[in-house]
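These values consider heavy atoms only, across backbone and side chains, with no hydrogens, waters or symmetry-generated copies.
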Amino acid sequence: MTASGRRRLPSPAALAPFWRRVRPEAWPLAAAAVCVLASTAVTLAFPLFVRRLLDSAFLAGDGSRLNRLTLLLAGLLVLQAGVVFVQAYLLSGAAERVVAGLRRDLFAHLVRLPPGFFATRRTGELTSRLAADVALLQAFLSQQLSGFVRQGLTLVGGVVLLAVAHPQLTVAALAVGPLVAGVALLFGRRLGRVSGAVQDRVADAMALADEVFGQIRVVQSFVREADETARFDARVDAALRTAMHRARVRGLFFAAVTFATFAGCLAVLWQGGRLVLAGNLTAGELVSFLLYTVYVAGAVGALAGYFTGYQEAVGAASRVFELLGVAPAVADPASPLPLPAPLRGEVRFERVSFRYGDGEAPWALRDVSVTIAPGEVVALVGPSGAGKSTFASLVPRFFDPTEGRVTLDGVDVRRLRLADLREAIGLVPQEPVLFSGTIRDNIAYGRPSASDAEIVEAARAAHVAEFVERLPDRYATLVGERGVTLSAGQRQRIAIARVILKDPAILILDEATSSLDAESERLVEEAIERLMAGRTTLIIAHRLSTVRRADRLVVLDRGRVVEEGTHDALLARGGLYERLYRRQFRDAEEARVAG
């Protein structure tokens with residue numbers, strides 16, 4: 001939007017990267033262009049045959065000539081139909097390949113962007129770009145571009161043939177040309193702006209729908225269905241109002257173009273009729289001239305309509321390639337170092353500071369120096385907002401430190417390939433999310449090449465087999481979107497199983513057992529114990545049992561390390577940890593004993 005509130009019309013240069021993607025389809029597009037030329041030639045020849053039919057066959061009363069002309073015209077129409085088929089096939093195939101490649105590249109680019117990017121973008125907006133905007137580019141290449149070329153050739157060819165046939169009538173036919181062009185320019189730009197605004201409003205509505213569907217249990221548990229429906233209705237109404245404005249502009253646009261073009265036809269008919277009455281023009285010549293005038297007028301109107309589609313395609317390309325142009329804040333180094341082998345798993349934070357966003361944001365971590373020895377279990381403890389999740393996110397490079405560095409076996413993680421680094425790290429999030437598919441698929445996500453025996457072994461180690469073997473389809477059981485058909489404890493155990501299958505050297509565990517029933521909690525904790533064995537483990541601690549399991553505690557407060565040590569040593573010190581324990585962990589332990 002501009003400062004005045006009007007939506008800025010995208011520059012035609014936005015299509016430049018799209019044309020670069022079209023370039024590999026040069027041969028199919030060239031063949032399609034030949035077909036367009038042939039089809040247009042047949043179209044332009046049609047009025048000539050009509051003139052011959054009227055002047056030679058009808059006026060002369062020659063039936064055999066009428067038959068020959070009719071058969072020849074029928075053959076040309078069959079030829080044109082075949083040419084149009086080939087043209088449509090070639091264009092559609094080229095457009096499908098270009099768009100499929102664009103969708104693949106856009107998705108591949110998006111999934112490689114760090115989590116910070118998605119924190120500021122709505123998922124529904126991104127999927128709208130993948131679907132709606134790319135579809136607009138597909139329609140532009142497969143339909144509108146060929147139509148634009150055909151109508152342009154028809155316009156030029158029609159004008160030339162008009163001028164050859166009768167220059168005086170040509171002046172009358174083309175007198176409305178500047179008016180039609182002015183109308184097209186005026187309304188076309190307005191339509192481009194309004195169409196872009198409609199796409200933005202629809203994207204807003206789809207983003208809200210995606211958010212609500214993803215949190216449907218929360219919505220229904222708080223009985224907010226009516227409220228969310230009202231919010232969605234408001235966004236759809238906003239899109240509808242903008243679309244109705246577009247409809248009014250489009251209606252005025254086509255009404256003005258239609259009036260101007262047919263006014264030209266009327267002028268030709270009046271002046272041509274006078275020439276026929278005066279004996280200076282035959283009826284056949286007048287009819288053919290009128291047909292060419294209709295062709296020219298129709299081409300001008302169609303070109304004006306394609307201008308609208310062109311503006312929509314420019315807007316879509318601007319949004320799609322804007323996403324493709326987003327440089328990932330976290331990327332592979334130009335000359336990556338190999339991952340140390342064998343990997344011992346020492347993680348070291350060296351005077352690390354980090355802030356989200358720009359330089360005005362508060363520090364999430366400040367001057368943090370921590371060393372986690374190979375095989376050591378370290379629990380991060382602290383009040384909400386202390387920086388625990390941020391600390392854990394820097395190890396797999398979901399973000400990079402603003403200052404300082406994080407090392408793995410002495411190597412700065414920014415010097416390693418992202419794939420190598422993340423292959424060495426296993427993550428069990430606080431809210432494990434499964435993918436739609438089978439239980440086997442979700443466990444194998446940790447290592448897609450794993451055999452069925454390895455998957456079953458990991459499932460048994462994580463106590464997944466205990467409930468899977470009671471299911472009718474066992475490991476082929478579908479879990480539904482985000483695993484909604486399973487309990488929280490079952491989802492957690494599957495998440496642990498896929499990390500066991502991955503067999504990483506370093507484990508990051510955002511523990512989440514407080515919401516589980518006693519039996520599920522016991523099974524999850526047993527699975528966690530097996531998972532942590534022999535691995536460097538970083539735990540964002542929520543429960544006393546986890547704190548006591550850790551070799552060492554790191555206490556964070558407002559982004560700084562304020563205490564380090566064992567559970568007993570920190571309790572004896574009487575600092576922040578002791579206060580947190582007294583306020584949170586001890587209460588949880590007393591509730592457990594009382595229960």
Mind checking whether [X] and [Y] have side chains closer than 4.5 Å, heavy atoms only?
X: Arg397; Y: Arg414; answer: yes
X: Leu324; Y: Pro17; answer: no
X: Leu408; Y: Leu421; answer: yes
X: Ile455; Y: Leu501; answer: yes
X: Pro340; Y: Val411; answer: yes
X: Ile372; Y: Ile506; answer: no
X: Glu423; Y: Leu339; answer: no
X: Asn442; Y: Arg498; answer: yes

Please indicate whether [X] has more than 12 foreign heavy atoms, meaning atoms of other residues, nucleotides or ligands, lying under 6.0 Å from its [atom1].
X: Arg344; atom1: CZ; answer: yes
X: Tyr445; atom1: OH; answer: no
X: Arg97; atom1: CZ; answer: yes

Check for a donor-acceptor pair, side chain of [X] on one end and backbone N or O of [Y] on the other, with a separation under 3.5 Å.
X: Arg351; Y: Gly404; result: no
X: Arg493; Y: His463; result: yes
X: Ser318; Y: Val314; result: no
X: Lys388; Y: Gly382; result: yes
X: Asp412; Y: Thr407; result: no
X: His109; Y: Leu323; result: yes

To the nearest 0.5 Å, what is the distance between [atom1] on [X] and [atom2] on [Y]?
X: Ile540; Y: Leu380; atom1: CD1; atom2: CG; answer: 6.0 Å
X: Thr402; Y: Arg366; atom1: OG1; atom2: CZ; answer: 9.0 Å
X: Ser389; Y: Leu394; atom1: OG; atom2: CG; answer: 11.0 Å
X: Thr537; Y: Asp551; atom1: OG1; atom2: CG; answer: 8.5 Å
X: Leu427; Y: Asp510; atom1: CG; atom2: CG; answer: 8.0 Å
X: Glu346; Y: Asp409; atom1: CD; atom2: CG; answer: 6.5 Å

Going through the distances and angles, do Arg535 and Asp503 end up as a side-chain contact (heavy atoms from CB on, under 4.5 Å)?
-> CA-CA 9 Å; Arg535 291 184 172 88; Asp503 193 23; 2.5 Å; yes

Indicate the atoms forming the closest heavy-atom contact of [X] with [Y], along with that distance.
X: Leu576; Y: Leu556; result: CD2-O, 4.2 Å
X: Ala392; Y: Ile508; result: O-CD1, 3.6 Å
X: Glu350; Y: Ser369; result: C-OG, 4.0 Å
X: Ala505; Y: Leu343; result: CB-CD2, 3.7 Å
X: Trp363; Y: Ser353; result: CZ3-CB, 3.6 Å
X: Pro362; Y: Arg355; result: O-CB, 3.5 Å

Under the criterion side chain to side chain contact (heavy atoms under 4.5 Å, CB included), which of Val561, Val554, Thr390, Val406 is the partner of Val368?
->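 That would be Val561; it is the only one of Val561, Val554, Thr390, Val406 passing the side chain to side chain contact (heavy atoms under 4.5 Å, CB included) with Val368.
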
Pick from Ile439, Thr438, Val468: which one makes a side chain to side chain contact (heavy atoms under 4.5 Å, CB included) with Arg474?
-> Val468

Tell me, please, which residues at least two apart from Phe349 pass ring pair (Phe, Tyr, Trp, His ring centres under 6.0 Å).
-> Phe391

Considering residues at least two apart in sequence or located in another chain, which fulfil the ring pair (Phe, Tyr, Trp, His ring centres under 6.0 Å) criterion with Phe140?
->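 Partners of Phe140 by the ring pair (Phe, Tyr, Trp, His ring centres under 6.0 Å) criterion, ordered by chain and then number, come out as Trp19.
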
Below 4.0 angstrom, N of the basic side chain to O of the carboxylate: do Asp452 and Arg440 qualify?
->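 Yes.
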
Please list all pairs passing the salt bridge (charged side-chain N to carboxylate O under 4.0 Å, His left out) test where one or both residues lie in residues 554-567, with sequence neighbours left out.
->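 Listed by first then second residue: Arg552-Glu564.
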
Which word best sums up how the rings of Phe399 and Tyr356 line up, parallel for under 30°, tilted for 30 to 60°, or perpendicular for over 60°?
->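 Correct class here is perpendicular.
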
